[in-house]
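Below is one structure, written out as C-alpha cells; comments come after it.
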Amino acid sequence: MFLTFRKHVEQLLAEALEKCQYPSNDLALTVKPGYADLTSLIAFKLAPVLKLKPQEIAQNVAEYLGADELVALAQTAGPYINFFVSNDYLRHTISTVLQADRNYGGIDAKGVVILEHTSANPNGPLHIGHIRNSVIGDTLKRCLQQAGYRVETQYYVNDMGRQIALVVWGIMNFALTEGKKSDHATADIYVKANAEVELHPTKLVEVRQLMQRFESGDQDVEWLFKDAVEFCLRGINQTLKNLHVAHDRFVWESEFLDDIDGIIAELRSHGVTECDGSTHVDLSPFGISKNLVVRRSDGTSVYATRDIAYHVWKAGRCNRMIDVLGADHRLTALQVGKVLELLSINAPEVVFFEFVSLPEGSMSTRRGHFISADEVLEKVTEKAYEEVDKRRPTLSEDEKRAIAQAVGIGATRYDMVRVSADKSMVFDWNEALDFERQGGPFLQYAHARATSILTKTTFDNQYEPDLLTDEYEVKLIKLCALFPAVIEDVTTNFSVSALAAYARELAEAFNQFYRFMPVLSAEPAMSRARLALVTCARIVLRNVLNCLGIEPVDSM
RNA sequence: GGGCCCGUGGCUUAGUCAGGAUAUAGCACCGGCCUUCUAAGCCGGUGGUCGAGGGUUCAAAUCCCUCCGGGUCCGCCA
C-alpha cells in the first residue's frame, strides 16, 4: 500500500509543481519517521534555481496540495512539505493484506531469474563464511519469488580444479575417516593431501597429471573426480537442507569445456591476443591493465573461461542473472562481466559480501582452520533446546525438538543477514548462542504470540477498521503497508539487511501492540477490529519470516 | 606499490549510492512491569567531537582531497 501512496504523492506533487510552473524532474521524496509518512525536500532543490527562499517555495507548492482519499494532510513545516496517510490508507492496507495473504509482498515482477549462490568447492564442508553466501543467496531467492519472479537457483560445482585434483589424489593415497559425514571426511583428506604435497613438492606432478588426464577426456580419471565431488556434495547438500536452503540445479563446471573454443573464436574480433602460446584478452579499454588469460599455452582451459561459458549459457535462459560472491571475487567478476560485454551479453548483477573470519584470523579449509556450518547449527540448536526446555517444560519431547530446531536455524540465518553485506564479520560463539536480543527468535516469538491469540477464537472477517486509531495500532498497520516496498528494495538493491531490519521493526511493533492493546478481552467490536489487525500482522510476519528462510513457528 | 571494501557510544550496528528538521537499533549497565491473549516480551534512563585533517555547500555521518587503522584482491590457481 505504501508503494501506491508514494506513487500517488508523486503525481500530486508533480501536478502542484506544474501549476506553480516550477520544474519537476526531481521530487526529492524521502521517508523520515517521526515527522511525516513522506516528505518532499523539493523546496531546497528549487531554491537556488528560482532564487527564492525554500519556505516560500514550499508554501507556494502547498497551495495546490489538498487532502484526498490517500492523503489525509499535506502541510509545510518550514521548507519541508509533509504528507500524511489517510484512514482509507490504513483500511486498504488491512483489507489488502487479508486478501493477498501469502502473496502479500508481491510487486508484479515478471520474468525468470537465475540466481547463483554458494558454489563452494567440494573439498570440505560449508563453513560459516560459505553460509553467509548461502543465506544471502537463499534470502534473495525467497524475496525475488515473493516479488513475482520465477527463480532458478544454481550451485556452480567446481569439479575439475586443482583443489579437486588434490582431493582425488588424497583419496588415492589416504584412507577415508570412517563414520564421518562425507564433506567432513573429504576435508580430512584435503588437509592431509595439502600437508603431504607441501612436505614433498615432487608429488605435485601426480596431481598435475590427474588434471591433465581429466581435461584430455580420460574416462577413468573423470569417474574418480565425479565420485569424489558427488561424495562431498552429498554432505554439503545435507547442510544446506538443514539451513532451509534448496538449489534448483547443480551445474558442473566441466560441462562447459566444449564451449570454450567457440567462445575464444568469438572473442577473436574483440582484442584477443596470443602471447607465448597462451591466449589473452586485453581489458585495458575497461581500465583493467592486466590481460586476462583465457587459455594456457599448453592448450588447457582456465577457470575464468569456463566461468564465462557458464554465464553465456545462463544469460540465454533468463531475464536477470544474479551471482552471490565473496568480496575476494570482485576483480574476477569484473573481468568476466567485461568479457561478456565484449560478447554483447549483459554482465550479471553481482551481490558481494565481505568475509567472515574467526577471532584468531581468517579461515582456511586447506589447513583445517574453520568452523563448519554443521557445528554451528548443532550447538545453536542444542542451546535453543535448553531454552525451550526451561520455558516450556510441559511440551512433548518432539515439540521441544521441533521448536529448538526452528529457533536454532532462525537465529543462525538472521545473524547472517543482519549486518550489511559489505561489512566483514568476526564469528563469535557467544553472539551466535545468545538469544536474548532482537534476533531470529524475537521475530518468531512475535509470530507465535499472534498465532496464540488467533487459536483462542475465530475471526469471521467482520470488522470495523476505523476503530483502530491508537498509536500502537496505527504504527503496526503502517509497517504492514511497507512490506511490498521492502521487497522492491531487496529485489533491486539486494539489501537483505534492510529486510532483516524491517522484520525486527515489525516484530517490535507487534510486541508493543500485544502489550498495550488487549484483543480477546476488549469490547466485541474493538475485539473484532484488533483480531483483524492480528490476522493481518501475522500474515506479514509469516511472509517476512518465509522470505528470511526462518520458520514461522506457531508456538515456542 | 596499485585497485576495491570497511572505520558511527564500552561492544555489535542503521543511515552513506539519490547531502537537509532531534544520528538508528541491539548487547552491556541502571531503574520499573508477570492474579491480565506465551516476560524468547514491554516501558524508562546513562552513554556518540559519526577514524583524523582539509575542502565544496544555505546545509555534510552522507560529496571531493589527503592521511591513519583493519580487511581483501592484484597466478598460464580455482
Side-chain angles (χ1 to χ4, degrees), chain A residues 26 28-30 32-36 39 41 43-45 47-48 53-54 77-80 82 121 123 158 160-165 253 275-280 287-291 293-298 300-304 306-307 326-332 334 352-355 357 362 384 387-388 390-392 407 411 418-426 428 430-431 434-446 448-457 493 497-498 500-501 504-505 507-508 510-512 514-522 527 530 534 555-556:
Chain A
D26 176 16
L29 287 174
T30 98
K32 188 101 189 215
Y35 292 103
T39 299
L41 304 168
F44 285 113
K45 309 294 170 201
K53 284 185 178 166
Y80 302 92
N82 289 328
N121 287 336
N123 57 359
N158 172 354
M160 56 177 292
R162 186 194 128 101
Q163 298 169 73
I164 301 312
E253 188 182 330
C275 177
D276 301 331
S278 63
T279 312
H280 298 224
I288 303 169
S289 55
K290 213 146 208 162
N291 278 4
V293 173
V294 289
R295 183 152 58 196
R296 295 195 190 91
S297 46
D298 65 4
T300 58
S301 64
V302 292
Y303 174 85
R306 300 190 293 265
D307 201 22
D328 54 334
H329 283 69
R330 280 193 134 101
L331 178 60
T332 316
L334 184 68
F352 293 107
F353 65 94
E354 288 290 335
F355 270 46
S357 60
S362 57
E387 296 294 328
V388 184
K390 197 161 67 194
R391 290 161 220 263
R392 307 288 300 280
V407 166
R418 206 184 78 242
V419 302
S420 154
D422 45 30
K423 232 156 197 156
S424 54
M425 336 174 38
V426 178
D428 180 347
N430 291 329
E431 235 170 79
D434 178 16
F435 303 144
E436 304 294 319
R437 65 209 162 93
Q438 296 192 354
F442 176 78
L443 315 179
Q444 290 170 309
Y445 188 60
R449 279 176 143 185
T451 307
S452 173
I453 292 175
L454 296 174
T455 52
K456 289 184 171 61
T457 184
N493 301 316
S497 61
R504 198 197 62 228
E505 282 169 31
E508 186 176 44
F510 181 80
N511 277 327
Q512 289 167 335
Y514 183 93
R515 164 69 180 78
F516 294 106
M517 304 283 111
V519 178
L520 300 176
S521 61
S527 181
R530 288 185 181 153
V534 174
S555 166
M556 66 186 276

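First the proteins, then the strands, lettered A, B, ... as listed; each starts at 1.
For the residue pair Ser278(A) / Asp276(A), no side-chain donor-acceptor distance below 3.5 Å is found, with atom types taken as modelled.
Distance noted for atom C1' between A23(B) and U16(B): 12 Å (whole Å). Taking the C1' atom of each, C64(B) and C17(B) are spaced 15 Å apart, rounded to whole Å. A28(B) and U12(B) have their P atoms separated by 15 Å, with the value rounded to a whole Å. When the P atom is compared between G15(B) and U24(B), the two are found 14 Å apart, to the nearest whole Å. To the nearest whole angstrom, the two C1' atoms, one in C6(B) and one in U62(B), are 15 Å apart. Comparing A60(B) with G20(B), their P atoms sit 11 Å apart, to the nearest whole Å. A gap of 46 Å separates the C1' atoms of A21(B) and C74(B), to the nearest Å. When the P atom is compared between C42(B) and C58(B), the two are found 45 Å apart, to the nearest whole Å.
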Inset, instruction - Starting at the 5' end of RNA chain B, write a dot or bracket for each base, bracketing those in Watson-Crick or G-U wobble pairs whose two distances are under 3.5 Å and using | for partners on another strand. - result: (((((((..(((.......[....))).(((((.......))))).....(((((..]....))))))))))))....
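Between atom OH of residue Tyr303(A) and atom CE of residue Met160(A) there is a gap of 11.5 Å, rounded to the nearest 0.5 Å. Distance CG/Asn158(A) to CG/Asn123(A): 8.0 Å, rounded to 0.5 Å.
Residues forming a side-chain contact (heavy atoms from CB on, under 4.5 Å) with Ala384(A) (at least two apart in sequence, or on another chain): Ala404(A), Val407(A), Phe435(A). Remark: Ser497(A) engages no residue in a side-chain hydrogen bond (donor to acceptor under 3.5 Å, both in side chains) (not counting sequence neighbours). Listed by chain and residue number, Arg306(A) satisfy the salt bridge (charged side-chain N to carboxylate O under 4.0 Å, His left out) test with Glu253(A) (two or more places apart in sequence, or in another chain). For Phe355(A), there are no ring pair (Phe, Tyr, Trp, His ring centres under 6.0 Å) partners two or more places apart in sequence or in a different chain. Take Arg330(A) and apply the salt bridge (charged side-chain N to carboxylate O under 4.0 Å, His left out) test, not counting sequence neighbours, and it matches Glu354(A). For Arg392(A), the side-chain hydrogen bond (donor to acceptor under 3.5 Å, both in side chains) test picks out Ser555(A), with sequence neighbours left out. In this structure, the side-chain contact (heavy atoms from CB on, under 4.5 Å) partners of Arg437(A), at least two apart in sequence or on a different chain, are Asp415(A), Arg418(A), Asp434(A). Judged as a salt bridge (charged side-chain N to carboxylate O under 4.0 Å, His left out), and not counting sequence neighbours, Arg296(A) has no contacts. The salt bridge (charged side-chain N to carboxylate O under 4.0 Å, His left out) search around Lys456(A) returns none, not counting sequence neighbours.
Between Tyr80(A) and Leu41(A) there is a side-chain heavy-atom pair separated by less than 4.5 Å.
Among the atoms of the strands shown, base atoms are found under 4.0 Å from some heavy atom of Ser555(A). As judged by a 4.0 angstrom heavy-atom cut-off over every strand, Val419(A) is placed among residues touching the sugar-phosphate backbone only. Residue-level contact check: Ala501(A) touches neither bases nor backbone, having no heavy atom under 4.0 Å from any strand.
Rounded to whole Å, the distance from NZ on Lys32(A) to P on G19(B) is 13 Å. Here the C1' atom of nucleotide U13(B) and the CD atom of Glu431(A) are 10 Å apart, to the nearest Å. Atom NZ of Lys390(A) and atom C1' of A39(B) are 13 Å apart (whole Å). The distance from atom CG of Asn82(A) to atom P of G20(B) is 15 Å, rounded to the nearest whole Å. As a whole-Å value, the separation of Ile288(A) CD1 from G2(B) C1' is 14 Å. The CG atom of Asp434(A) sits 18 Å away from the P atom of C11(B) (whole-angstrom rounding). The interatomic distance linking Met425(A) (CE) with G7(B) (C1') rounds to 17 Å, in whole Å. Summarising the geometry, the separation between CG on Leu41(A) and P on U62(B) is reported as 17 Å, rounded to the nearest angstrom.
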Inset, instruction - Classify every nucleotide of nucleotides 40-47 of chain B by which part a protein heavy atom approaches to under 4.0 Å, writing B for the base, S for the sugar-phosphate alone and - for neither, in 5'-to-3' order. - result: BSSS----
Inset, instruction - Classify every nucleotide of nucleotides 69-78 of chain B by which part a protein heavy atom approaches to under 4.0 Å, writing B for the base, S for the sugar-phosphate alone and - for neither, in 5'-to-3' order. - result: ---SSSSBSB
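A donor and an acceptor atom sit less than 3.5 Å apart, one in the side chain of Thr39(A) and one in the base of A21(B).
OP1 and OP2 of C5(B) both lie 4.0 Å or more from every side-chain N or O belonging to Lys423(A).
If Glu505(A) and Met517(A) are placed on RNA chain B by their nearest nucleotide, the residue sitting closer to the 5' end is Glu505(A).
You'll find that the side chain of Arg504(A) is closest to A25(B), out of A14(B), C37(B), A25(B).
The glycosidic torsion of C4(B) lies more than 90° away from 0, which places this base in the anti conformation.
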